Amino acid sequence: MALHFYNTLSHKLEAFAPLDDDKVRMYSCGPTVYNYVHIGNLRAFTFQDILRRYLHHCGYELYHVMNVTDVDDKIIRDSVKAGKSIGEFTAEFRKAFEEDAATLRLEPPERVTPATEHIGDMIDLISRLAEKGHTYESKGSTYFRIASFPGYGKLSNLDVSGIKAGARVEQDEYEKDELRDFALWKASKPGEPAWDSPFGPGRPGWHIECSAMAMKYLGESFDIHTGGVDLVFPHHENEIAQSEGATGKPFARFWLHAEHLLVDNQKMSKSVGNFYTLRDLLDKGFSAAAIRYLLASVPYRKQLNFTFDGLKAAQTSIERLRNFQRRLEEGGLPEGANPAITELAETARKNFIAGMDDDLNTAQALGAVFEFIRDVNTKMDAGEFQAGNVAEANQVLDLFESIFDVLKTEQSGQVSAEEIEGLIAERLAARKARNFARSDAIRDDLKARAVILEDTPQGTRWKYGA
RNA sequence: GGCGCGGUAGCCAAGUGGUAAGGCAGAGGUCUGCAAAACCUUUAUUCGUGGGUUCGAUUCCCACCCGCGCCUCCA
């Protein structure tokens, strides 16, 4: 099976191929930088990262653009509260986001685009829409008239013709001809940041940001647009209306949406007390690798139920992978190459790729890797794994690592390798003298300093770890 | 109410019209001075419930129950 994705737009699984032969143009809705991102946000960003890496694996060059929303109602509200300009306020959280992304080993997109640096592009796009009769003005704000765009609702499969004023909608502070219409340009209120425009002073609506920036960098039609499921409506629906309304051409061809993360089977919320940022989890002692593994291990279209037990299981799973990797490095293997291993490695890689090709089925891909590890461990115990098999076993791990990226250990450790080797020698002498009290004391002391010793037939080996 | 996603062992989770991957946890064992690592055995007669189609359904169809999301703040 070649690469397939579930396309929200067509509501089915489709074979993927980019418009250009070997280059994929992709847009992702990035963070609104008014706070630290939480693990739910990071689930979506981890999905994008897995997608990026797998597209690379498939041989595609990538041009991936992600926006940063650095002006909106919440930012204005919270920056005032913090007594900072929105520039100062958002710079802080943008930096925090980039740090968090780096901690989780999320590859940076080729271009990250802050909304405030593209106001002119948004104004141009609104003007284009105005020329085509898709807009109207009311009390200084400019709106998109949904009735002017017949395809509206095709992404979300939602019939919005019947939207009526309800508990939430009636509180809308803007006056629109129809409730379902949305703001392209919001009139500024006194004290709010504003830009001059042909429609009067104001600021862009949220939706127009993404249309303007996506088309500026990726062209009027491009390959993939990603985001969380909650963005399907209205945000992505509105992006389509704005973009296709202006150009008359298809906007994004594939729409991929990440399901939400739940915590203890509930939606994360501050009031329930199950709201976590990456920093919260790191402070609790969990490793970034374990968090990344957990977020990546559940296929992106399935709700991910986040629990601390799950996080611990992720950590243990990574240890299993790392132990296998170390075992491959040890040497002392018989000469030759066992063809049975070659076959196992081929099967593992084939199954891994088959899983990823199937709409990024990471659970299936992981299954292929673990099955391989178990089989190879068994062969090693039986002495049937030979020196000539190391490279192909490493190829399986390399394939895994190119997507999951969790094997590298984070801390170099507080104890130097020289000191550890010295203590191992001392412990060996103690063991030879059957002074087990001393040998165990050395092992325990090192363990307390995050160094783990393991005795093998080839001698004592060590690793940094909990 | 409309539109979606899902309900598989203690937990996470894959999957298929032909009789249940994988990970974690648990139990027993091998190895070890003891550990650790690794391996072996074991843990779902069963895939939300009830019908239907079929030689055969967890997998297809229908109905129902439950969970979660969206229906203009939201990854």
Side-chain angles (χ1 to χ4, degrees), chain A residues 8 11 28-32 37-48 72-74 146 153 156-160 162-163 166 168-169 172 176 179-183 206-207 226-235 237-238 257-262 265-269 293-294 297-307 309-321 323-324 326-327 351 355 358 361-374 376-382 431 434-436 439-440 443-444 447 452-457 460-463 465:
Chain A
T8 309
H11 315 289
S28 296
C29 290
T32 298
V37 291
H38 55 69
I39 53 170
N41 297 313
L42 291 170
R43 199 268 169 115
F45 294 128
T46 301
F47 146 66
Q48 284 165 205
D72 89 327
D73 293 352
K74 282 182 184 167
I146 283 175
S156 55
N157 211 9
L158 219 53
D159 177 6
V160 290
I163 289 187
R168 298 172 66 179
V169 179
D172 200 302
K176 302 179 280 192
L179 280 162
R180 58 185 181 146
D181 292 342
F182 58 92
W206 174 39
H207 312 298
T226 72
V229 277
D230 54 324
L231 298 185
V232 173
F233 188 88
H235 185 234
E237 198 70 73
N238 291 352
H257 291 101
E259 253 299 346
H260 274 174
L261 171 150
L262 306 175
N265 279 312
Q266 277 188 292
K267 187 175 179 178
M268 222 178 7
S269 79
Y293 180 96
L294 179 60
S297 62
V298 177
Y300 77 95
R301 285 204 304 125
K302 180 160 175 147
Q303 286 177 344
L304 189 164
N305 186 25
F306 177 92
T307 62
D309 280 349
L311 204 46
K312 285 178 202 137
Q315 183 64 56
T316 311
S317 299
I318 292 171
E319 283 308 315
R320 182 170 167 84
L321 291 156
N323 285 327
F324 177 74
R326 285 192 311 140
R327 212 173 167 191
N351 290 343
D358 184 11
N361 188 337
T362 48
Q364 187 186 327
L366 283 174
V369 173
F370 280 106
E371 202 167 347
F372 175 72
I373 288 176
R374 188 199 55 216
V376 171
N377 272 324
T378 304
K379 296 280 188 195
M380 283 175 157
D381 284 355
R431 290 177 73 210
R434 302 194 68 78
N435 181 357
F436 296 122
S439 69
D440 288 352
R443 188 169 65 196
D444 291 346
K447 182 152 196 249
I452 291 168
L453 299 189
E454 293 169 2
D455 297 322
T456 75
T460 301
R461 66 184 186 185
W462 62 274
K463 65 180 176 181

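None of these values were measured; they are calculated from a predicted model. So that the names make sense, note that chain A is the first sequence line, chain B the second, and so on, each numbered from 1. All heavy atoms count here, side chains included; hydrogens, waters and symmetry mates do not.
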Using a heavy-atom cut-off of 4.0 Å across all strands, would you classify A:L294 as base, sugar-phosphate, or nothing? nothing
What interatomic distance, in whole Å, is found between C1' of B:rC39 and the corresponding atom of B:rU32? 14 Å
Sugar-phosphate, base or nothing in reach of A:R431, heavy atoms under 4.0 Å: base
Between CG of A:N265 and P of B:rC12 the distance, given in whole Å, is 7 Å
Rounded distance in Å - CG (A:L311) to P (B:rC11): 18 Å
If the condition is side-chain hydrogen bond (donor to acceptor under 3.5 Å, both in side chains), which residues does A:E237 pass it with, not counting sequence neighbours? A:S156
Could you tell me the separation between the CD atom of A:E237 and the P atom of B:rC71, rounded to a whole number of Å? 13 Å
Per A:T378 side chain, nearest of listed nucleotides B:rA75, B:rC40, B:rA38: B:rC40
Is there a side-chain contact between A:K312 and the phosphate of B:rC11, meaning an N or O under 4.0 Å from OP1 or OP2? no
Identify, with sequence neighbours excluded, every residue that meets ring-ring contact (aromatic ring centres under 6.0 Å, His included) alongside A:F47. A:Y300
Could you pull out all residues at least two apart from A:H207 that satisfy ring-ring contact (aromatic ring centres under 6.0 Å, His included)? A:F182, A:H235
If the P atom of B:rG26 is compared with that of B:rC60, how far apart are they to the nearest Å? 36 Å
Could you check which of B:rA75, B:rG33, B:rA36 has an atom nearest any side-chain atom of A:E454? B:rA36
Does A:T456 reach a base, just sugar-phosphate, or nothing at all? Heavy atoms under 4.0 Å. nothing
Please state the C1' separation for the pair B:rC12 and B:rA21 - nearest whole angstrom. 14 Å
What does A:G227 touch in the nucleic acid at a heavy-atom separation under 4.0 angstrom: a base, only the sugar-phosphate, or nothing? sugar-phosphate
Rounded distance (Å) that lies between atom C1' of B:rG69 and atom CZ of A:R43: 13 Å
Sub-4.5 Å side-chain heavy-atom contact between A:L304 and A:E259: no
To the nearest 0.5 Å, tell me how far A:K312 NZ sits from A:T307 OG1. 8.5 Å
Look at the side chain of A:K74 and the base of B:rC73, then say whether one donor and one acceptor between them are separated by less than 3.5 Å. yes
Interatomic distance, CG@A:L262 vs CZ@A:R43, rounded to 0.5 Å, equals 9.0 Å
To the nearest 0.5 Å, what is the distance between CG (A:D440) and CG (A:N435)? 9.5 Å
Could you work out the separation of B:rG7 and B:rU59 based on their C1' atoms and round it to a whole Å? 15 Å
Can you figure out which of B:rA35, B:rA75, B:rA38 approaches the side chain of A:A44 most closely? B:rA75
OP1 or OP2 of B:rG15 under 4.0 Å from side-chain N/O of A:N361: yes
Measure across A:A44 and A:A258 and return the closest heavy-atom pair with its distance rounded to 0.1 Å. CA-CB, 4.2 Å
Complementary nucleotide of B:rU59, counting Watson-Crick and G-U pairs under 3.5 Å: none
Distance between the C1' atoms of B:rA9 and B:rU58, in whole angstroms? 14 Å
Partner of B:rC70 under the Watson-Crick or G-U wobble criteria, both distances under 3.5 Å, comes out as B:rG2
Within this structure, what is the NE2-to-P distance between A:H260 and B:rC68, rounded to whole angstrom? 14 Å
Pairwise C1' distance for B:rU49 and B:rG67, with rounding to whole Å: 15 Å
Need one value for A:N305: base, sugar-phosphate or nothing, where a base atom within 4.0 Å counts as base even if backbone is also close, heavy atoms only. sugar-phosphate
Could you give the distance separating B:rA27 and B:rC70 at their C1' atoms, to the nearest angstrom? 45 Å
What heavy-atom pair brings A:R327 and A:N377 nearest, and what distance separates the two atoms? NH1-OD1, 2.7 Å
Polar pairs (N or O, both sides) under 3.5 Å between protein and nucleotides 1-7 of chain B?
from  : atom 1 : to     : atom 2 : distance (Å)
B:rC3 : O3'    : A:N157 : ND2    : 3.2
B:rC3 : O2'    : A:S156 : O      : 3.3
B:rG4 : OP1    : A:N157 : ND2    : 2.9

Given the P atoms of B:rC62 and B:rG6, what is the spacing between them in whole Å? 16 Å
For A:P299, answer base if it contacts any base atom (sugar-phosphate contacts may also be present), sugar-phosphate if it contacts only those atoms, and nothing otherwise; contact means non-hydrogen atoms under 4.0 Å. sugar-phosphate
Heavy atoms only, 4.0 Å cut-off, all strands: where does A:H257 land among base, sugar-phosphate and nothing? nothing
Paired nucleotide for B:rG26 [Watson-Crick or G-U wobble; both distances under 3.5 Å]: B:rU42
Looking only at side-chain atoms of A:N377, point me to the closest of B:rA75, B:rA38, B:rA37. B:rA38
Got a second to check how far A:L366's CG is from A:E371's CD, nearest 0.5 Å? 12.5 Å
Could you pull out all residues at least two apart from A:R461 that satisfy side-chain hydrogen bond (donor to acceptor under 3.5 Å, both in side chains)? A:E330, A:E454
For the atom pair OG1 (A:T316) and CG (A:N323), what is the distance rounded to the nearest 0.5 Å? 10.5 Å
How close or far is atom P of B:rA25 from atom CD of A:E319, stated in whole angstroms? 11 Å
Closest nucleotide of RNA chain B for A:R443 versus for A:I373: which of these residues is on the 5' side? A:R443
CG of A:L453 versus P of B:rA36: gap in Å, rounded? 13 Å
Decide yes or no for A:H38 and A:L261: does some side-chain heavy atom of the first lie under 4.5 Å from some side-chain heavy atom of the second? no
Using atom CE of A:M268 as one end and atom C1' of B:rA75 as the other, report the distance to the nearest whole Å. 9 Å
Of A:L304 and A:D455, the one whose nearest nucleotide on RNA chain B sits closer to the 5' end is A:L304
Look for any protein N or O under 3.5 Å of an N or O in nucleotides 21-23 of chain B and output each such pair with its distance, or none.
from   : atom 1 : to     : atom 2 : distance (Å)
B:rA21 : O2'    : A:E371 : OE1    : 3.4
B:rA21 : N1     : A:A363 : O      : 3.4
B:rG22 : OP1    : A:R374 : NH1    : 2.9
B:rG23 : O2'    : A:S317 : OG     : 2.2

